[in-house]
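Order of appearance sets the numbers: ligands from 1, and atoms from 1 within every ligand. If you're wondering where the values come from, they're calculated on a predicted model, not measured in any experiment.
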Amino acid sequence: MKYNFRNDYTTGCHPDILQALIKYNMDEEDGYGDDRFSKSAAALIKEKVQNEQSAVYFVSGGTQANLTIIASILKPFESVIAADTSHIYVHETGAIEATGHRIQTIVSSDGKVKPADIQLQLNKFEEVHTTMPRMVYISNSTEVGTIYNRAELVALSEFCRQKELILFLDGARLSAALASSENELTLADLGKYTDVFYIGGTKAGTLLGEAIVINNPKLQDNFLYHLKQRGALLAKGRVLGIQFLALFSGNLFFDVGRHANNMAQKMAFSIANLGFSFLASTTTNQIFPILPDKIIEELQKDYLFYIWRSVNEQASAIRLVTSWSTDESAVDEFINDLKGYT
Ligand SMILES: Cc1ncc(COP(=O)(O)O)c(C=O)c1O
């Protein structure tokens with residue numbers, strides 16, 4: 001096997017992060033997020049989010065962030081509205097439903113949620129006979145590699161506030177989103193327009209970890225208790241603090257996203273030049289070219305990637321994902337091999 005384009009966590013962690021972990025390895029610190037690294041990383045993130053009221057918490061993974069956020073905020077009879085492509089609906093083994101909350105899905109071809117779709121779900125609410133829609137879950141970048149522009153986020157935010165819905169943005173792939181050539185959003189925008197969001201480290205060069213930012217003070221109540229009860233409050237919280245400090249002390253978070261995006265977009269450009277189309281148009285590190293099944297079979301001999309879905313009897317969309325660690329030579333080899341098969 002030559003290269004693995006299955007996801008953005010095929011390698012360990014960025015060398016700068018590993019260096020930081022080594023540097024502070026022998027320092028003695030308090031546990032459960034009371035270490036100086038977690039405190040500094042939280043303060044740094046808060047500074048970038050530019051919301052005095054925000055609170056920052058670190059957890060180890062995306063599913064854990066999603067289920068803890070959703071279950072801590074919603075009352076037992078409340079539901080969350082999300083796209084039918086959303087990670088919480090498709091790829092979390094029912095983790096959200098296992099906390100007792102229904103996910104109300106909207107059909108989405110580009111992975112995004114729009115106010116009109118939310119309204120359709122609100123129309124289904126029948127007082128005491130149905131679950132009460134209370135939260136809207138979106139992701140940026142989405143599970144199909146697309147991103148929200150400012151107008152879309154502002155419209156969602158205004159709609160949610162008007163309807164008393166909580167807006168939650170899953171940022172497992174935020175590094176790629178904010179580093180996209182078409183991105184219009186900042187961390188400060190997320191601090192202003194969402195009630196809660198998280199910043200993914202796992203897909204941005206950390207060994208593991210996500211930083212949850214709760215902007216709405218009403219939702220911060222006892223959040224540490226929710227984390228602890230769900231096994232999400234790590235005794236060695238320092239591991240997360242050190243990594244996020246390394247990610248945000250300089251520009252690493254954005255540099256990592258930019259490199260990953262550049263590699264995927266280089267592939268997309270060459271694939272498009274060969275005459276192939278794509279399932280979705282993306283500017284991030286996930287691309288979904290539609291290729292003849294015969295060519296896919298050939299590529300599978302040398303490369304790992306997911307077949308996303310069949311498009312017709314002879315062709316399928318595949319998902320290619322690049323990361324901070326993708327070497328340009330891997331991209332060039334893939335393109336050359338693909339050329340050889342066409
Ligand atoms: C939008 C989104 N949320 C969350 C996750 C991560 O979940 P976990 O770290 O539990 O695998 C992913 C990973 O693919 C994702 O794409």
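- By the criterion of a heavy-atom distance under 4.0 Å, neither the backbone nor the side chain of Q64 is placed next to ligand 1.
- If you check which protein heavy atom lies closest to atom 3 (N) of ligand 1, you get D170 OD2, 2.6 Å.
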Item to complete: Kindly determine whether D327 and Y3 satisfy side chain to side chain donor-acceptor pair (under 3.5 Å), including the steps that lead there.
Response: CA-CA 10 Å; D327 203 279; Y3 298 110; over 6 Å; no
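- For ligand 1, the atoms lying closer than 4.0 Å to a non-hydrogen atom of R173 are 14 (O), 15 (C), 16 (O).
- Aromatic rings from F288 and F278 are positioned such that their centres are separated by 6.0 Å or more.
- Take R173 and apply the side chain to side chain donor-acceptor pair (under 3.5 Å) test, not counting sequence neighbours, and it matches D8.
- Closest protein heavy atom to atom 5 (C) of ligand 1: H87 CE1, 3.3 Å.
- Checked against a 6.0 Å centroid threshold, the rings of H259 and W324 do not count as neighbours.
- For ligand 1, the atoms closer than 4.0 angstrom to any heavy atom of Y198 are 3 (N), 4 (C).
- Ion pairing of D189 with K192 is absent here, as no side-chain N (NZ or NE/NH1/NH2) approaches a carboxylate O to less than 4.0 Å.
- Contact annotation: for K203 versus ligand 1, heavy atoms closer than 4.0 Å belong to the side chain alone.
- Counting atoms of ligand 1 from 1 in the listed order, those under 4.0 Å from a heavy atom of T63 are 7 (O), 8 (P), 10 (O).
- In the vicinity of E143, heavy-atom distances shorter than 4.0 Å reach the ligand 1 atoms 1 (C).
- The existence of a salt bridge linking K266 and D332 is confirmed by a sub-4.0 Å separation between a basic side-chain nitrogen and an acidic carboxylate oxygen.
- For atom 9 (O) of ligand 1, the closest non-hydrogen atom on the protein side is G62 N, 2.9 Å.
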